[in-house]
Structure formats: C-alpha cells, structure tokens
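Atoms considered below: every heavy atom in the structure, side chains included; atoms not considered: hydrogens, waters and symmetry mates. When a ligand or atom number is given, it counts from 1 through the structure's own listing order.
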Amino acid sequence: MRLSRFFLPTLKETPTEAQIVSHRLMLRAGMIRQHAAGIYNWLPLGTRVLQNIIQIVREEQNAAGAQEIIMPTIQSGDLWKESGRYDDYGPEMLRIKDRHERDMLYGPTHEEVVTDIFRNNIKSYRDLPKNLYQINWKFRDEVRPRFGLMRGREFLMKDAYSFDINYERSKHAYNQMFVAYLRTFARLGLKAIPMKADSGPIGGDLSHEFIVLADTGESAVFCHKALLEKPAPSNVDYEADLQPIIDDWTSLYAATDDKHDPAMATTLGGDLVSARGIEVGHIFHFGKKYSEPMKANVIGPDGSPVTVMMGSYGIGVSRLVAAIIEASHDEHGIVWPESVAPFDIGLINLKVGDPDCDAACKKIHDALCLMHKDVLYDDRDDRAGVKFADMDLIGLPWQIVVGPKGVAKGVVELKRRATGQKEELSFDAAVAKLTVM
Ligand code: ATP
Ligand code: MG
C-alpha cells in the first residue's frame, strides 16, 4: 500500500479531548474519529487492527468448539419482556419504537435472542452441547462514555452462549471458554489475568473477569506475581478435562480492589503485585436464569423435558484495541504486537523522485509482497523527520529506511520498532530477514 494513496490522517498535535494515551494515539495515528459521544468511525488503519483482532478471537473460539452466527443488532422488546429484563435493564438500553409503535431496542447483549434461537431449533439432549457466538456491535447508553473506545456507547463485542444438559457439562463449556480466553489474549500480545468476579446484573454462580494490566486501568488489581509469568496453555485438547488448567490458574491470589484482602500484602510480601487493570473479557455461568423463564427445554435421556444450563462469554473486541495500546506504546507512539499490527513493515523512501531510491523501494516492496507481507510504503514527497515521526506513531513492527547514501552502497537500514535497534543490510538480506519473521 502506498502511503500517498492511503487514507491516514495523522495529527501532530495531541487532541485535547483525549485523556488517556490509547485514545490520544488512536486519534493521532488516524485510526478512529468520533462521530458522537461514545460512537466512533473506524478509519482504514484502525479497521485493519480491529480485523486482525477479530480474526484471532474467531480462530480461538472456533478451536474451542464454538460456532459463529450473526444476530440482529436491533431486537424486539417482546423477548426481553419474557425474560423479565425489559423493565429491569434501565437507561443503558436504547429503546426504539418502530412505525407500528412496537417496542424495539438496540441490543446491549444477546441472551434473549440466542435463547430464542435455541428453543425454536433444538429439541433433544442428543443435540447438546452447543456453543454459539457472534462478533457484533452492541449499544449501551453509558452514563459517562469516556476514554475513547475503552468505554464507548457503541462497541464491538464477541459474545458466546453455551447450552448444556447439566451442570457438569455446562461447567466444561465454561472451562473451554476460560482456556480459549487465555490463549486469545496471549496471541494478542497481552498478559490477561483471570479474576473471580461477581456475576453482576446478568446473575449466576460462577464468573471470571479477564484483566489486562496497564497504568490507566479503571480498577486497581492485586495478584501473585507468578500469574504474570504463566504461559497460556498450548496444544489444548478441548474435549479433555480442563479443570486442572483452571485450578492451576485460579489457585494463585488475584483480586480487584473491592475484593482485595489487605492481609495478603503481608502473606505474599514481595510476591504481591499491585497494579491497575482493564477488563477485556468476562465469562459467566448462570444456569437456568434465561432458559427457565423462556422455556428452553430439551427432551432428556429418560424422555422428560429438561431445562438447559447456560453460560455467556464476552470479549470487548473494540476495547482490546485500546487495551493493547495502553499496554504497548512509548513516547513516540504505538508499538503493535506483530499479531495485530495493521501492516507488517513500513518502507520509508527518504528521497522520492530519485531514480535509484525509487527503484530500490520498488524492488524491496515487490519482493516483500511476494512473500505475503503487508507493506506500507511511504512514497510521499515529504521531509525525513515527518516520515520517521509518522512511522513511529503508527507503530508497525519493522521499518526499512531507503536513502541515497545507503542505496549507493547497496544497503538499507532495518529498524525494529519495539527496541529501536537498527542494522544496515543489503536489499536481499533485509528482505530475507523479514521473510522469516
Ligand atoms: P463494565 O464492567 O466494564 O461496565 P460489563 O461487565 O458491563 O463491563 P460485559 O457485559 O461483561 O461488560 O461485557 C463483556 C465485555 O465487553 C467486557 O468485559 C468489556 O471488555 C466489554 N465492554 C463492556 N462495556 C463496554 C463499553 N461500554 N465499551 C467498550 N467495551 C465494553
Ligand atoms: Mg463485566
């Protein structure tokens, strides 16, 4: 992609409305623009990151046995009257009347809709287990939308819903999502810590939040430092008993400030980490809370109806973009983990119009594209300082700098964004090195 053609409205000045670093950097890097309070447009650079995150979330959901569906964003109020939540949900729910004066709403969550899909289509215990998920926009009319994507009103969520015949199977579905979450966040380059949570307004008896540590997090968190070093499970057999993995992750102390036991500071001593955190995921097991009032029954093994057990599992996909930036940036801008970076490589031509520089860039660009690398080629006729600053700001993992002096010697400079480390390499060596990355 040529930067001269790419829609990348970067800003030199720090926007005054942005209070936290991820919001500032997303605006400055031309990733998003606000449309209305808590509602954003995603520009091409932001969209590319969001799509990369979506893909990782999707792959890990699929691997854990969940199946992707798409539910409507606009829902009928009738289902919510059935579950009893229509009046309970409060002003966070955006209520709409259609032209026939019917009660509609913009979905803040989808338990009712998915339970309706289930009960209309699944009739026997033999069809269980089922886990359905979507990656879709939610609307919650938050009192104080703030911090950009961190607490928006419209935001992208992955929400999965499991259906099982009994508690034991339902707990297994919960454990599958728990493990999938550990793997998902690790692939996104994040350290996410599971914390036992209240099940909140959705209700239930088993719940964990996944918290990413970052200085600007909304909640204070305390945990055993060994949790921060634990690698996510690799090569998981999702059919096997996952309880030992869950026990291993939940046996170490971790709490948000409301549940923190101050005595732990003495007990754990130097092993206690106190930090701030961002909630990026939340899983609930809530049993029959919706299946009971909505009559989601199947025929059980003995021929009599059984009310199914359910759980729901959310990931704040758009919030993750901000959380990743909070966890990975420096004074020059964003430092993307390779797995989500909008492009793999930024190619900077220091002297556009110089036939040798142009030819070297074209050669490198084409070679990298052949190797299926995403390259953003800065071919703008602009000052070197502007180009370096923009490239650091948008945070691509690698930069190749092509200038007349180097080209005369047959070399380019390769820079790793995360460390700032630079090396001079021949064109071919630079391409070869990036190809194996
Ligand atoms: P919070 O406690 O932050 O208000 P919640 O408990 O209401 O969130 P859930 O219903 O558990 O949120 O939603 C699942 C995930 O969606 C959360 O873990 C969070 O990452 C994300 N999320 C929730 N509300 C917002 C929002 N207003 N903007 C962006 N992401 C959100
Ligand atoms: Mg929550």
Side-chain angles (χ1 to χ4, degrees), residues 19-20 22-23 26 32 34-40 42 46 50 53-54 57 61 73 85 88-94 106-114 133-161 174 177-178 180-182 184-185 188 190 192-204 206-214 216-221 256-259 276-286 289-290 310-327:
Q19 295 164 30
I20 62 170
S22 57
H23 190 192
M26 290 187 75
I32 56 165
Q34 183 173 303
H35 167 77
I39 303 176
Y40 290 86
W42 290 78
L50 193 64
I53 296 175
I54 289 172
V57 169
Q61 290 293 295
T73 51
R85 278 208 294 185
D88 290 355
Y89 207 90
E92 277 191 10
M93 186 152 86
L94 182 66
Y106 196 116
T109 181
H110 281 70
E111 280 81 4
E112 282 79 359
V113 178
V114 78
Y133 78 96
Q134 66 170 347
I135 298 171
N136 208 347
W137 296 91
K138 305 279 188 246
F139 193 92
R140 294 182 186 174
D141 206 351
E142 302 270 355
V143 205
R144 229 157 58 83
R146 61 187 184 279
F147 305 149
L149 300 170
M150 211 55 104
R151 186 162 297 281
R153 291 199 295 167
E154 189 184 46
F155 60 98
L156 191 63
M157 197 200 282
K158 184 287 297 180
D159 45 326
Y161 304 88
Y174 184 91
M177 287 292 110
F178 192 116
Y181 277 36
L182 293 174
T184 302
F185 298 129
L188 296 173
L190 292 170
I193 297 171
M195 306 231 177
K196 205 161 172 37
D198 292 335
S199 3
I202 293 186
L206 180 59
S207 176
H208 286 88
E209 289 176 353
F210 288 77
I211 311 274
V212 168
L213 300 190
T216 46
E218 271 193 315
S219 41
V221 296
T256 40
D257 51 354
D258 47 325
K259 286 188 217 77
R276 300 202 65 82
I278 301 164
E279 178 193 324
V280 290
H282 197 163
I283 58 179
F284 304 92
H285 180 265
F286 48 71
K289 187 174 157 74
Y290 300 94
M310 292 175 61
S312 76
Y313 314 92
I315 290 182
V317 177
S318 51
R319 178 182 285 186
L320 271 170
V321 182
I324 291 169
I325 297 174
E326 291 293 334

Taking the six-membered ring for Trp and the single ring otherwise, decide whether the centroids of Phe210 and Phe178 are under 6.0 Å apart.
-> yes

Does an N or O anywhere in Gly152 fall below 3.5 Å from an N or O of ligand 1?
-> yes

Proximity flag Leu149 to ligand 1, non-hydrogen atoms under 4.0 Å = yes

Could you grab the distance from atom CD of Gln34 to atom CG of Leu149, nearest 0.5 Å is fine?
-> 10.0 Å

Could you see which bit of Arg319 sits under 4.0 Å from ligand 1, with heavy atoms only: side chain, backbone, both or neither?
-> side chain

Spatial distance of atom OG1 (Thr256) from atom CD (Glu209) [nearest 0.5 Å] | 6.5 Å

Give a yes/no verdict on whether any heavy atom in Ser318 is under 4.0 Å from an atom of ligand 1.
-> no

Name the option, out of Ala323, Ser219, Gly316, that contains the heavy atom nearest to atom 21 (C) of ligand 1.
-> Gly316

Would one find an N or O of His282, backbone or side chain, under 3.5 Å from an N or O of ligand 1?
-> yes

Is the side chain of Arg140 donor-acceptor paired with the backbone N or O of Pro108 at a distance under 3.5 Å, no angle test?
-> yes

For atom 9 (P) of ligand 1, which candidate among Arg146, Lys138, Glu92, Arg140 holds the nearest heavy atom?
-> Arg140

Evaluate whether atom CD of Gln19 has more than 12 neighbouring non-hydrogen atoms of other residues, nucleotides or ligands under 6.0 angstrom away.
-> no

Give the atoms of ligand 1, by number and element, whose distance to some non-hydrogen atom of Gly281 is under 4.0 Å.
-> 18 (O)

Testing Leu50, Ile53, Ile54 for side-chain contact (heavy atoms from CB on, under 4.5 Å) with Leu320, which one passes?
-> Ile53

Val280 near ligand 1, heavy-atom distance under 4.0 Å?
-> yes

Interatomic distance, CD1@Ile20 vs CE@Met26, rounded to 0.5 Å, equals 10.0 Å

Measure from atom 20 (O) of ligand 1 to every heavy atom in Met150, Lys158, Glu279 and give the option owning the shortest one.
-> Glu279

Go through ligand 1 atom by atom and flag the ones less than 4.0 Å from a non-hydrogen atom of Glu142.
-> 24 (N), 26 (C), 27 (N)

Please round to the nearest 0.5 Å and tell me the distance separating atom CD of Glu279 and atom CZ of Arg319.
-> 6.0 Å

Could you tell me whether ligand 1 has any atom less than 4.0 Å away from a heavy atom of Glu209?
-> no

Between atom CZ of Phe155 and atom CH2 of Trp137, what is the distance when rounded to the nearest 0.5 Å?
-> 10.0 Å

Say whether Arg151, considering both its backbone and side-chain N or O atoms, lies within less than 3.5 Å of an N or O atom on ligand 1.
-> yes

